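Reminder, nothing fancy here: chain letters follow the sequence lines and each chain counts from 1. Predicted, not measured: the structure shown is a model, and the values here were computed from it.
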Protein chains: 2
Amino acid sequence: MTEPDETSMDLEITTHARSKPETRLWLRMLSTTKLISTEIRKRLRAEFGATLPQFDLMAQLYREQEGLRLGELSRRTMVTNGNITGLVERLEADGLVIRETPTDDRRVTVAKLTEAGMTTFSAMAEAHEGWLRDLMGDVSEDMIAALWRDIGRVKTSAASHLSGPAEE
Amino acid sequence: MTEPDETSMDLEITTHARSKPETRLWLRMLSTTKLISTEIRKRLRAEFGATLPQFDLMAQLYREQEGLRLGELSRRTMVTNGNITGLVERLEADGLVIRETPTDDRRVTVAKLTEAGMTTFSAMAEAHEGWLRDLMGDVSEDMIAALWRDIGRVKTSAASHLSGPAEE
DNA sequence: CCCAATCCTTTGACAATTCAAATAACGGTT
DNA sequence: AACCGTTATTTGAATTGTCAAAGGATTGGG
């Protein structure tokens, strides 16, 4: 066997319901996002030969066609700095991204999509959108809207209770 | 800087609202779970020197004190087979888990928690539950229950639209 | 003008991840 | 008992991930 059997995974405590509601919700969020991202990763790979982090990174660059500094990319993708370096290197090797250093601040590296990168990304983005509609096909529009709203609350709550610094 | 700035990440398309509702929801789910799991990983590391996958794996073993076969662990944790091997190896090196091969089927490896593993895990689990209550502190109980229910719908929908085999 | 903070990126060590291919053991059929 | 298909785990190559430390470049204060 080459991968976990998605239908019977049990991150969630199905047999014992003894966890607290927050924990129960968390386990369900985790298993759901894992399920969906595994599927999307699989399709991205099969149809475009791309990885999910590459797709995420390109999505950010597509929205800022003049390019982004690597640190900015790191922030937006929630990927650590060190990781961005290699990610961009590989995309550059594939001809989808170029790196350049502006003359006025030579500490900086700006990454931007090439023409090929833009073309490739827009095809991927369209497919991606369709996959999600497919995967969420049995969920009503109302429920999707409600989830979007309520998950926003969770995110806000979590963001304001982080241990690290970075709040003001 | 050593990590992304959690408060200003932008996996979500905050500026353009042009994405379809399913995509919008997906991006929000992703950024929220990433935000929370980064925080939990950080705390696990700081307070227990453990990683998140290790915690997940131990959680499964804690629920089945007689131990689990590696393939079963793979299914439950949604971690690929190849990955389980190394994960268990490292936990065994730390004395938290032992591996044994039953005599009646020597293809099989069963992993189970050691005494130390059980003690360690229960401390981690308790802390983990508290962290989640903390992080979700601003979300009402009703909303948590509703989210749990509705995310269940999303999960069921996604599970029944997977491309791979594994359905019947 | 220089020195010391500060900012941005890269590097290095290691863990987690996937996938595919290899290895090993079982089980039934002949 | 030798073979075959199946099942269980490991291995190997490549990517992604974190973290900490190091590197280079800029800026501001003395």
By nearest heavy atom, map B:G82 and A:P53 onto DNA chain D; which one lands nearer the 5' end?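 Checking each residue's closest nucleotide, the 5'-ward one belongs to B:G82.
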
Tell me which of A:D104 and A:T51 sits closer to the 5' end of DNA chain D, going by the nucleotide each one is nearest to.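 With A:D104 and A:T51 compared, the 5'-side residue is A:T51.
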
Residues in ring-ring contact (aromatic ring centres under 6.0 Å, His included) contact with A:Y62, at least two apart in sequence or another chain: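 Per chain and number, A:Y62 pairs via ring-ring contact (aromatic ring centres under 6.0 Å, His included) with A:F121.
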
What is the distance from [atom1] of [X] to [atom2] of [N], rounded to the nearest Å?
{"X": "B:F55", "N": "D:dT18", "atom1": "CZ", "atom2": "P", "answer": "19 Å"}
{"X": "A:I40", "N": "C:dT17", "atom1": "CD1", "atom2": "C1'", "answer": "17 Å"}
{"X": "B:M78", "N": "C:dT18", "atom1": "CE", "atom2": "C1'", "answer": "14 Å"}
{"X": "A:D56", "N": "C:dT17", "atom1": "CG", "atom2": "C1'", "answer": "15 Å"}
{"X": "A:L52", "N": "D:dA14", "atom1": "CG", "atom2": "P", "answer": "21 Å"}

Short N/O separations, protein against nucleotides 3-7 of chain D, under 3.5 angstrom:
unit_1: D:dT7; atom_1: O2; unit_2: B:R107; atom_2: NH1; d: 3.2

Which residues satisfy the side chain to side chain donor-acceptor pair (under 3.5 Å) test with B:E72, sequence neighbours excluded?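 Result, side chain to side chain donor-acceptor pair (under 3.5 Å) vs B:E72: B:R75, B:R76.
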
Can you list everything that forms a salt bridge (charged side-chain N to carboxylate O under 4.0 Å, His left out) with A:R41? Sequence neighbours excluded, please.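 Partners of A:R41 under the salt bridge (charged side-chain N to carboxylate O under 4.0 Å, His left out) test: none.
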
Among the nucleotides C:dT18, D:dT9, C:dT9, which one has an atom lying closest to any side-chain atom of B:T80?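 Nearest to the side chain of B:T80 among the choices is C:dT18.
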
Between D:dA25, C:dT9, D:dT15, which nucleotide has the shortest distance from any of its atoms to the side chain of A:R106?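 Of the options given, the side chain of A:R106 lies nearest D:dA25.
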
Is any side-chain nitrogen or oxygen of [X] closer than 4.0 Å to OP1 or OP2 of [N]?
{"X": "B:R99", "N": "D:dT10", "result": "yes"}
{"X": "A:R45", "N": "C:dT18", "result": "no"}
{"X": "A:T85", "N": "C:dT9", "result": "no"}
{"X": "A:R41", "N": "D:dT15", "result": "no"}

Are a donor atom and an acceptor atom from the side chains of A:K155 and B:S31 found within less than 3.5 Å of each other?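 Side-chain D/A pair, A:K155 to B:S31: present.
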
For the residue pair B:E39 / A:S163, report whether a side-chain donor-acceptor contact shorter than 3.5 Å exists.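 Short answer, yes.
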
Taking only residues at least two apart or on different chains, which pairs with a member in residues 132-148 of chain B satisfy salt bridge (charged side-chain N to carboxylate O under 4.0 Å, His left out)?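 Matches after skipping sequence neighbours: B:R43-B:D134.
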
Please compare A:N83 and A:V108 by the position of their nearest nucleotide in DNA chain C and report the one closer to 5'.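 Closest to the 5' end, via its nearest nucleotide, is A:V108.
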
Taking any heavy-atom pair under 4.0 Å as a contact, classify [X]: base, sugar-phosphate, or nothing.
{"X": "B:D105", "result": "sugar-phosphate"}
{"X": "B:Q54", "result": "sugar-phosphate"}
{"X": "B:L87", "result": "sugar-phosphate"}

Selection residues 95-113 of chain A - residue pairs positive for side chain to side chain donor-acceptor pair (under 3.5 Å), sequence neighbours left out: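 Checked against side chain to side chain donor-acceptor pair (under 3.5 Å) - neighbours excluded - the pairs reaching residues 95-113 of chain A are A:E92-A:R99, A:D105-A:R107.
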
